[in-house]
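Step one of this worksheet: look at the structure below.
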2 protein chains.
Amino acid sequence: MKIGELAAVTGVSVRLLRYYEEQDLLTPVRTPGGHRSYGPEAPLTVRRIRALLDAGLPTRVIREVLPCVEGDGMFVHPCVSDRLRDQLRGMEERIAELESSRAGLAAILEVTEAAAVG
Amino acid sequence: MKIGELAAVTGVSVRLLRYYEEQDLLTPVRTPGGHRSYGPEAPLTVRRIRALLDAGLPTRVIREVLPCVEGDGMFVHPCVSDRLRDQLRGMEERIAELESSRAGLAAILEVTEAAAVG
DNA sequence: TTAGAAGCTGACACATGTGTGAGCTTCAAG
DNA sequence: CTTGAAGCTCACACATGTGTCAGCTTCTAA
């Protein structure tokens, strides 16, 4: 299938399909004219990519785990669980930082509003 | 005081002091030779900027709230509390998104590890 | 055969705080 | 006066997924 069709069936923009290829997540063959030609598994692959992106993984990590994914991005082989655990740890750290910032800002607001009342 | 001194007493790099000025957070006067000259209040201002940055506020917002800050970034006039509340809401949304991503990733990991055991 | 749709590549843009470097000028101490 | 430190400006780089535009080529349907 052509890139426009794949975009239509997956809801992912043509631009992004090209980007995913640039990131080695998709590897369409080329027609003699140079147009991308995707196999029938491509829509599933794109759905997996989206599922992993939506799970917060960067393309660099998806590139590693993609060969180990089965189903709609909900199962991966144990071979990449270390990678996923790293990623999870990183996300938890980011959440903790954000939460800490949030608390700091909330504290400022509380002081401000207490002063407004008092 | 000169920029190098200010950097030394605040621990903030010269590059960042120039950046804060570019963002209208600091407004040193200039010597006839074009060198920045900071008043004695500058270290406090820089500490406030850092406190607000560390609370997760972008410079664009800090620019607005800075004139209303008192103390070491721990109190602001009520005039900017709407702005802060917006910011707080935005941060809470970001945290929620991240948390949701984290849960998605954790779910994948759980399935993977359950499969590794079973 | 021809026009228009769809494809191609390459590039720039965004946000955002921060590092780094080049190339030049000013300042301060000897 | 001279020299080296410190300052100046301007610019590019990073990450990251995504939009958009220009300029050209291929494909497809009439």
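Below, chain A is the first sequence line, B the second, and so on; all start at residue 1.
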Legend entry - Donor-acceptor under 3.5 Å (B:Ser101 side chain, B:Glu97 main chain): yes
Inset, instruction - Could you state the atom-to-atom distance from CG of A:Leu6 to P of C:dA6 in whole Å? - result: 15 Å
Inset, instruction - Go through C:dG7, D:dT18, C:dA28 for me and flag the one nearest to the A:Ile3 side chain. - result: C:dG7
Legend entry - Interatomic distance where CG belongs to A:Leu25 and P belongs to D:dT16 [whole Å]: 13 Å
Legend entry - Between CD on residue B:Glu64 and CG on residue B:Leu84, distance to nearest 0.5 Å: 9.5 Å
Inset, instruction - Taking only the side-chain heavy atoms of B:Arg36 (C-beta and beyond), determine which of C:dC8, D:dT18, D:dC8 contains the nearest atom. - result: D:dC8
Inset, instruction - Please lay out, stage by stage, how B:Arg30 and B:Glu21 fare under the test salt bridge (Lys or Arg N to Asp or Glu O under 4.0 Å). - result: CA-CA 12 Å; B:Arg30 297 297 180 117; B:Glu21 177 181 0; 3.2 Å; yes
Inset, instruction - Measure from CD on B:Glu97 to P on D:dG17 and round the result to the nearest Å. - result: 15 Å
Legend entry - From B:Gln23 atom CD to B:Leu16 atom CG, the distance as rounded to the nearest 0.5 Å: 11.0 Å
Legend entry - Nucleotide C:dC27, atom P - distance to CD of B:Glu5 in whole Å: 14 Å
Legend entry - Side chain of B:Ser13 (C-beta onward), nearest among C:dA28, C:dG19, D:dG17: C:dG19
Legend entry - Interface residues of residues 14-21 of chain A with DNA chain D (non-hydrogen, below 4.0 angstrom): A:Arg15, A:Leu16, A:Tyr19, A:Tyr20
Inset, instruction - Could you tell me whether A:Glu99 and A:Arg102 make a salt bridge, using a distance below 4.0 angstrom between a side-chain N and a carboxylate O? - result: yes
Legend entry - Euclidean distance, atom CD1 of residue B:Ile62 to atom P of C:dA15 [Å, nearest integer]: 17 Å
Inset, instruction - State whether the side chain of B:Arg48 and the backbone N or O of B:Leu66 hold a donor-acceptor pair below 3.5 Å, judged by distance alone. - result: no
Legend entry - Selection from D:dG17, C:dT9, C:dG19 that lies nearest to any side-chain heavy atom of A:Arg30: C:dT9
Legend entry - Whole-Å gap separating P (C:dG17) and CG (B:Asp24): 13 Å
Legend entry - From CG (B:Leu57) to CG (B:Leu52), nearest 0.5 Å: 6.0 Å
Legend entry - Rounded distance in Å - CD1 (A:Ile49) to P (D:dT16): 16 Å
Inset, instruction - Could you pick out which residue, B:Arg60 or B:Thr31, lies toward the 5' side of DNA chain C when each is mapped onto its nearest nucleotide? - result: B:Arg60
Inset, instruction - Report the distance from atom CZ of B:Arg94 to atom C1' of C:dT16, rounded to the nearest whole Å. - result: 12 Å
